[in-house]
Asker: 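Here you go, one structure.
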Amino acid sequence: MKYYLTTPIYYVNAAPHIGHAYTTIVADLVKRFKRMQGYDAVLTTGSDEHGVNVERAALRTSKTPLEFCDVIAAEFQKEWKRLGLEIDCFQRTTSPQHARVVQDLFERCRKNGYIYKGSYTGQYCIYDNLYVNEAKPGDPCPDCGRPTETITEENFFFKLSAFQDRLLELYNQRFEFIQPETRRNEVIAFVKAGLSDLSITRTNVKWGIPVQGEAPHVFYVWFDALATYMSAVDGKGLWPADLHLIGKEIVRFHAIYWPAFLMAAGLELPKRIFAHGWLLFEESKMSKSRGNIVRPEPIRQVIGVDALRYFLLREVVFGQDGSFSYDALVGRYNSDLANGLGNLASRTLSMLDQYRGGLIPQGSDRAIAALAGQTIHAAEAAFGRFEFSRGLESVWGLISAVDKFIVQQAPWKLAKQPHAEAQLNTTLYTSAEALRIATALLYPVLPESALKIWAQLGIQEPLSSVCLADLHWGQLLTGQKIGQVSAVFPRIDPQPAIEKMRELEVAVTAEQNALLGKTQEPAGAPPPESPKITIDDFAKVDLRVGLVQSAEPVKGADKLLHLKVDIGEREPRTIVAGIAEAYKPEELLNRKVVIVANLQPRKLRGLTSNGMIVAASIEGGKPVLAAFLEDIPVGARLR
RNA sequence: GGCGGCGUAGCUCAGCUGGCUAGAGCGAGGGUCUCAUAAUCCCUAGGUCCGCGGUUCGAGUCCGCGCGCCGCCA
């Protein structure tokens, strides 16, 4: 049995952030879970690469649109790879095979009489080259503030209005088609209010899929983007999709337009659409202008992918909005993963080592066995309903029951009593077996860590091939030798970890902005606040006035200059600086600059740099050297 | 303005078709044990279940009105 699920395809005007990661992680979880239920699960994601915004962004980075898309699509693919997500197909809307599917979808709709040529009238900003959707005649452009013009353009239209009744019937007959229910209500209300036809092509945009034989028409947004769900698995017999996972902001397109397109084309409809909520950052919406977009990479580096997965699935009620904060992330990690699961693994395995030479004994506690059985069912049922936080709660119920059980049995006392062999065996087997079951159940959520615990239990059967239907108490083999024991979730100190993540965050954001050709944050964005330092901290930095005595390019490095700088010492300092794109060597000769004199030496392209030159830098822009208006002697210290 | 949803312990949330003396996890305070990752385990929260009115033997749980948030639409 196949189970085909999708994430939305992400628009390449932004680099991957935690919101993208959230949807994709959930999709990966569902895929793994479905596989454990015995399905051949296939997961696709991709990138949405057409449109004016992409054309512009490409221009900013002096690339062709396709070159630009290549870069950003690669960023997404790299991110999913780093996060260990099992993506079967990454579909790009610029792939030729996708274009064929879009054109085919259009032709089918057209043949069935649901496409007509009409004219679209809207408010258009001739400076920004875009339609302002909500504007009335005379309204200014929200981007540049200049007046918009009323423009009429010939477009192809899709007869969405013809589908009102059929859509309502669909929602009525298939209750689970749109979930959660609140989204379903919204959609029904929207459709009941009446549907107007959709303009699905543009003639003033070049960067899009051409409508065959109808130049200069290209497909506009949804006809193009939604079709990836089919093109990604074209010819593989996987359509219709079993699940489209989406964010709540695109419910309308998925629950109304998409089924209408498919009905018009005479194609099968997806089985289910599930819309999740938004991730808020410490109560406020994440947005570029607030500068509070969280990236997954720093989190991965500091506490690992599984911690992020666990947090997102446990802390956020799936379907509702959730709040992300580094505090809560680390809190969950320490209390649930380190103290809970990790510690249970650690104490159980180390007792097996100490008291039984690392061999699994025989014996089993009935109460815990029964609870484990219940937990298997409860967790599977909850995951099946997309109630991930509930499913995890039930697994933690088992974990905490075993912790309690261990204290009651006090195996460390039993080990000292001559006649308690059997009871000790039972205690150890029960703990280890419960750990095995919890680990198997958690595999979809914590794939990396579950594999580690599995190996530490010494189980030979691959975890990825465990089937939930066959998971039962008592399958842990007596006599089995456990593996090497080590902490799976080492407890972490919150403050340094959070600081580290914040630091990395800034670096990652800067890199990504450079890729997107963004020279600076939009106006009004407060720069991310750095942690406060004391005057003593500052005093550690030895800043001095230096005079550039020589400057020359570094072979094989476009950005580097090799400088000799006099800072009042016997010999001039050798400093390698990444400023070649901003300054020519001759511009720097005899210029006074600010040097960090006590920076650890660092080797760059074979040269050892003894210090750093101070420059202001704008994200994605060129550095500007610090300088003085008054004359100042070489070697003077800045403080 | 119309429609939909929500408002329960410091925080995040459970409480289905009305019977609860109102629950869980986290956090906080106290104690215990020592196998374990300064982990575990035990005890401790006295919360007008947003307010008011109603239905009922009995209402976080149903109905009406009001207040406050949020979403969709206009």
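Each chain gets a letter, A, B and so on, in the order its sequence line appears, and its residues count up from 1. Remember, it's a predicted structure, so these values are computed and weren't measured experimentally.
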Asker: How would you list, by chain and number, every residue that makes a side-chain contact (heavy atoms from CB on, under 4.5 Å) with Asn334(A), sequence neighbours excluded?
Answerer: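 Listed in chain order: Val330(A), Ala338(A), Arg491(A), Ile492(A), Pro494(A).
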Asker: What integer distance in Å separates Gln417(A):CD from C35(B):P?
Answerer: 13 Å
Asker: Please tell me whether Phe318(A) and Phe274(A) form a close aromatic pair, meaning their ring centres lie under 6.0 Å apart.
Answerer: yes
Asker: So which nucleotide does C3(B) pair with, by the Watson-Crick or G-U wobble rule with both distances under 3.5 Å?
Answerer: G71(B)
Asker: What does A24(B) pair with, Watson-Crick or G-U, if both distances are under 3.5 Å?
Answerer: U12(B)
Asker: Only counting residues at least two apart or in another chain, list the ones meeting ring pair (Phe, Tyr, Trp, His ring centres under 6.0 Å) with Tyr116(A).
Answerer: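 Per chain and number, Tyr116(A) pairs via ring pair (Phe, Tyr, Trp, His ring centres under 6.0 Å) with Phe157(A).
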Asker: Give one of base, sugar-phosphate or nothing for Tyr355(A), where a contact means two heavy atoms less than 4.0 Å apart.
Answerer: sugar-phosphate
Asker: What string of B, S and - do you get for nucleotides 38-44 of chain B 5' to 3' if you count protein non-hydrogen atoms under 4.0 Å?
Answerer: -SBSS--
Asker: Without decimals, in angstroms, what is the distance between Arg356(A) CZ and C35(B) P?
Answerer: 15 Å
Asker: Quick one: look up who C35(B) pairs with, Watson-Crick or G-U, both distances under 3.5 Å, and put none if it's unpaired.
Answerer: none
Asker: For Val488(A), what residues pass the side-chain contact (heavy atoms from CB on, under 4.5 Å) criterion, not counting sequence neighbours?
Answerer: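 Expected list: Ser449(A), Lys452(A), Ile453(A), Gln456(A).
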Asker: With sequence neighbours excluded, what pairs up with Phe261(A) under the ring pair (Phe, Tyr, Trp, His ring centres under 6.0 Å) test?
Answerer: Phe158(A), Phe223(A)
Asker: Sort out the partner of G64(B) for me: Watson-Crick or G-U wobble, both distances under 3.5 Å, none otherwise.
Answerer: C52(B)
Asker: Would you check if there is a donor-acceptor pair between the side chains of Thr7(A) and Thr45(A) at a distance under 3.5 Å?
Answerer: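 On atom types as modelled, these side chains qualify, holding a pair under 3.5 Å.
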Asker: Please report the distance, rounded to the nearest Å, between CD in Gln456(A) and P in A36(B).
Answerer: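 The answer, rounded to whole Å, is 15 Å.
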Asker: Base, sugar-phosphate alone, or nothing: which one does Gly331(A) contact when heavy atoms must sit under 4.0 Å apart?
Answerer: nothing
Asker: Which of residues 374-381 of chain A sit near RNA chain B, with a heavy atom under 4.0 Å from it?
Answerer: none
Asker: Taking syn as any angle within 90 degrees of 0 and anti as the rest, which one fits G60(B)?
Answerer: syn
Asker: What donor-acceptor contacts under 3.5 angstrom involve side-chain atoms of residues 371-393 of chain A, with partners at least two apart or in another chain?
Answerer:
from      : atom 1 : to        : atom 2 : distance (Å)
Thr375(A) : OG1    : Leu371(A) : O      : 2.7
His377(A) : ND1    : Gly373(A) : O      : 3.1
Glu380(A) : OE2    : Gln37(A)  : NE2    : 2.8
Arg385(A) : NE     : Glu387(A) : OE1    : 3.4
Arg385(A) : NH2    : Glu387(A) : OE1    : 3.3
Glu393(A) : OE2    : Arg314(A) : NH2    : 3.3

Asker: For RNA chain B, whose closest nucleotide is more 5', that of Asp336(A) or that of Lys416(A)?
Answerer: Asp336(A)
Asker: Taking ring pair (Phe, Tyr, Trp, His ring centres under 6.0 Å) as the cut-off, I'd like each qualifying pair that reaches into residues 395-441 of chain A, sequence neighbours left out, listed once.
Answerer: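 Counting only pairs at least two positions apart or across chains, the ring pair (Phe, Tyr, Trp, His ring centres under 6.0 Å) contacts touching residues 395-441 of chain A are Tyr310(A)-Trp396(A).
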Asker: How many Å lie between CG on Leu337(A) and P on U37(B), as a whole number?
Answerer: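 From Leu337(A) CG to U37(B) P: 17 Å.
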Asker: Please determine, for the side chain of Lys248(A), which listed nucleotide (A14(B), A36(B), G71(B)) has the closest atom?
Answerer: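 Nearest to the side-chain atoms of Lys248(A), counting from C-beta on, is G71(B).
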Asker: Mind checking the C1' distance from G60(B) to U8(B)? Whole angstroms is fine.
Answerer: 7 Å
Asker: Please give, in whole Å, the distance from A14(B) P to Phe318(A) CZ?
Answerer: 15 Å
Asker: Check the distance between G15(B)'s P and Glu387(A)'s CD and give it to me in whole angstrom.
Answerer: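 Value for this atom pair: 8 Å.
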Asker: Expected output is a numbered-order residue list: members of residues 177-190 of chain A with a heavy atom under 4.0 Å from any atom of RNA chain B. What is it?
Answerer: Arg183(A), Asn185(A), Glu186(A), Phe190(A)
Asker: Is the Lys NZ or Arg CZ of Arg202(A) less than 6.0 Å from the centre of Tyr220(A)'s six-membered ring, within 45° of the axis?
Answerer: yes
Asker: Report the C-alpha distance between Thr430(A) and Asp365(A) in whole Å, list the side-chain angles of each, state the deciding distance to 0.1 Å, and finish with yes or no for side-chain hydrogen bond (donor to acceptor under 3.5 Å, both in side chains).
Answerer: CA-CA 6 Å; Thr430(A) 300; Asp365(A) 180 85; 5.6 Å; no
Asker: Could you list the residues that satisfy ring pair (Phe, Tyr, Trp, His ring centres under 6.0 Å) with Tyr171(A), not counting sequence neighbours?
Answerer: none
Asker: Going by the rule side-chain contact (heavy atoms from CB on, under 4.5 Å), which residues pair with Lys192(A) if we only count those two or more places apart in sequence or in a different chain?
Answerer: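 Leu168(A), Ile188(A).
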Asker: So Pro490(A), base contact, sugar-phosphate only, or nothing? Heavy-atom distance under 4.0 Å.
Answerer: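 Here Pro490(A) touches the bases of the nucleic acid.
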Asker: What is the separation between atom NE2 on His276(A) and atom C1' on G71(B), rounded to the nearest whole Å?
Answerer: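 Rounded to the whole Å, the gap is 15 Å.
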Asker: Contact class for Val488(A) (heavy atom, under 4.0 Å): base, sugar-phosphate, or nothing?
Answerer: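 Base contact - Val488(A) has a heavy atom under 4.0 Å of at least one base atom.
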Asker: Rounded to whole Å, how long is the line connecting atom CD1 of Ile256(A) with atom C1' of C73(B)?
Answerer: 11 Å
Asker: Can you name the ring pair (Phe, Tyr, Trp, His ring centres under 6.0 Å) partners of Tyr11(A), sequence neighbours left out?
Answerer: none
